[in-house]
A.B. asks: 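Here you go, one structure.
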Amino acid sequence: MVFLSSARVVLDQADISRAVRRISHEIVENSRGSDDLIILGIPTRGVPLARRIAETVAQIEGHPVPCGALDVTLYRDDLRLREVRALEPTDIPAQGIDGCTVVLVDDVLYSGRTIRAALDAVHDLGRPAIVRLAVMIDRGHRELPIRPDFIGKNLPTAKDETVRVRFVEIDGVDDVMIDSESVGDADAG
Amino acid sequence: MQMLGKHLLSAGDLDRAQALMILDTTAELASVTERSVKKLPTLRGRTVVNLFFEDSTRTRLSFELAAKRLSADVITFSAKGSSVSKGESLKDTALTLEAMGADAVIVRHGASGAPYRLATAGWIDGSVINAGDGTHEHPTQALLDAYTLRSHICGGQGDLQGVHVVIVGDVLHSRVARSNVLLLHTLGAEVTLVAPPTLIPVGVESWPCSVSYHLDDALMQADAVMMLRVQAERMAGSYFPSTLEYSRLYGLDAPRLELLKDRAIVMHPGPMNRGLEISADVADSSRAVIVEQVANGVNVRMACLYLLLGGAGSQAGGD
């Protein structure tokens, strides 16, 4: 990235790991120990976050928690506004999602349009009993009536700022940065 | 991301990255076919026209289903029973489709080059997909064959480096063979064409493949053998003395199946002439992936439609 000087780190590795632990505890508390929990990450960076949450919930609960990936590209409402995008892997646990509590996981919640697409995708996959939403960063500026159930950090931003979440699994480092230069927003969701 | 062009006219136009992108997209779309709601909203409000001047079962149904699964509106037009049988020209037909607002035209035509003409003449604005033109090309068939090969031989990932494919039969009249030779070569596979000398096209030396007249020798090397249909409707003269002789020398039967490597697969683009280029017991054997090719065809065509129509295309840049 070119404008590193204007970027500010808002969460470091320890902050992220604490946030993951807290979100996981909240999910356990909220689901009252039900054993039909499924954690679904939205690519790209929702997927490693979902995996971490699933592992942490599994440690707390003492049994494995199914975890998968849900690519929502084909359900987006802005396909015609951009060049065609490559599809990311979708990986739904074999038992399906009917009757389960599905927790959707994404890195940044912004307009809410990605989650709208994800809800449509979930609807086509089956009928979960409950759908919840966990995000690392809620940066505001919602364009749809969507709110998260579990939040790593509320981060009030201006529209011309960019929030960048990085995870070791993909970027080699864990942090969240806010960038006031407009260098093209990677997190349109 | 490596973009496809606006049209899909020839398997030879695809470079390795584009071909792999289509195969990877196909793999993701394949999961849609397995779920109970087999529908995606991706191409809502787009119109896809199937323009078929030649008979077809598989390709037409496959494109129609692929477009419907992506929620496009589909119109199917066959030359029989239309104004084409009253003598309407390709141009006038194209202008009619343009007036109706077609976003994509999938064309099959008996004349080689008809899709190219449609794409470049400026009659229509939409994408043109070649669904088979004369004896020239059939790119989506080659793509579904490559996808089938990759899932059986390469574990469903990467290219086809080192895979040996033997294509047998009526190469002269086969658009499937031509598209496959070009695409499989791009993906790193080694292709051997086997046919009687009368059914090998002029200029085959310039194709990126080897040629043999002896089926048994070629079969022993093969990871996959692709049998081509003997296209009686395109044969004005006689290209071989008798069907019995053809079937003895170039047909795939049970004894020949034994020559193949253990994990080698048998493919056929369909429709089959059972008893001529392929015997019934081979067509129904566990080696044959012919029905799977049809299933993969729907997914490959969904991938092509998504990649050609799913974005802003040439109308706009990024946001």
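All heavy atoms count here, side chains included; hydrogens, waters and symmetry mates do not. In what follows, chains are A, B, ... by sequence order, proteins preceding strands, each numbered from 1.
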A.B. asks: In this structure, are over 12 heavy atoms from other groups packed under 6.0 Å from His141(A) atom NE2?
C.D. replies: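 Enclosed.
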A.B. asks: Among residues 29-39 of chain B, which residues come closer than 4.5 Å to chain A, judged by heavy atom distances?
C.D. replies: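 Leu29(B), Arg35(B), Val37(B), Lys39(B) fall under the 4.5 Å cut-off.
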A.B. asks: Heavy atoms only: give me the nearest Leu307(B)-Val84(A) pair and the separation to one decimal.
C.D. replies: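 Nearest pair, atom of Leu307(B) first, then Val84(A): O-CG1, 3.7 Å.
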A.B. asks: Compare every heavy atom of Arg80(A) with every heavy atom of Arg44(B), then report the nearest pair and how far apart it is.
C.D. replies: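 Looking at all heavy atoms of both residues, the shortest contact is O-NH2, 3.1 Å.
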A.B. asks: Side chain, backbone, both or neither: which part of Ile92(A) has a heavy atom under 4.5 Å from chain B?
C.D. replies: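 No part of Ile92(A) comes within 4.5 Å of chain B.
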A.B. asks: Is it the case that more than 12 heavy atoms not belonging to His152(B) sit under 6.0 Å from its NE2 atom?
C.D. replies: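 Yes, enclosed.
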A.B. asks: Is there a donor-acceptor contact under 3.5 Å from the side chain of Tyr306(B) to the main chain of Arg85(A)?
C.D. replies: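 Pair found, side chain donor or acceptor close to backbone of Arg85(A).
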A.B. asks: Would you say the side chain of Leu87(A) lies within less than 4.5 Å of the side chain of Asp24(B), judging by non-hydrogen atoms?
C.D. replies: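 Not in contact.
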A.B. asks: Quick one: CG on Leu79(A) to CZ on Arg46(B), what's the gap to the nearest 0.5 Å?
C.D. replies: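 Separation between the atoms: 8.5 Å.
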A.B. asks: Compare every heavy atom of Leu81(A) with every heavy atom of Ala312(B), then report the nearest pair and how far apart it is.
C.D. replies: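 Of all heavy-atom pairs spanning Ala312(B) and Leu81(A), the closest is CB-C, 4.1 Å.
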A.B. asks: How about Glu169(A): does its CD atom have over 12 heavy atoms from other parts shown lying under 6.0 Å from it?
C.D. replies: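 Atom CD in Glu169(A) is crowded, with more than 12 foreign heavy atoms closer than 6.0 Å.
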A.B. asks: Got a sec: does the CZ of Arg142(A) have more than 12 other heavy atoms crowding it under 6.0 Å?
C.D. replies: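 Correct, the count exceeds 12.
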A.B. asks: Is a donor on one side and an acceptor on the other found under 3.5 Å between the side chain of Glu83(A) and the backbone of Gly311(B)?
C.D. replies: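 Absent.
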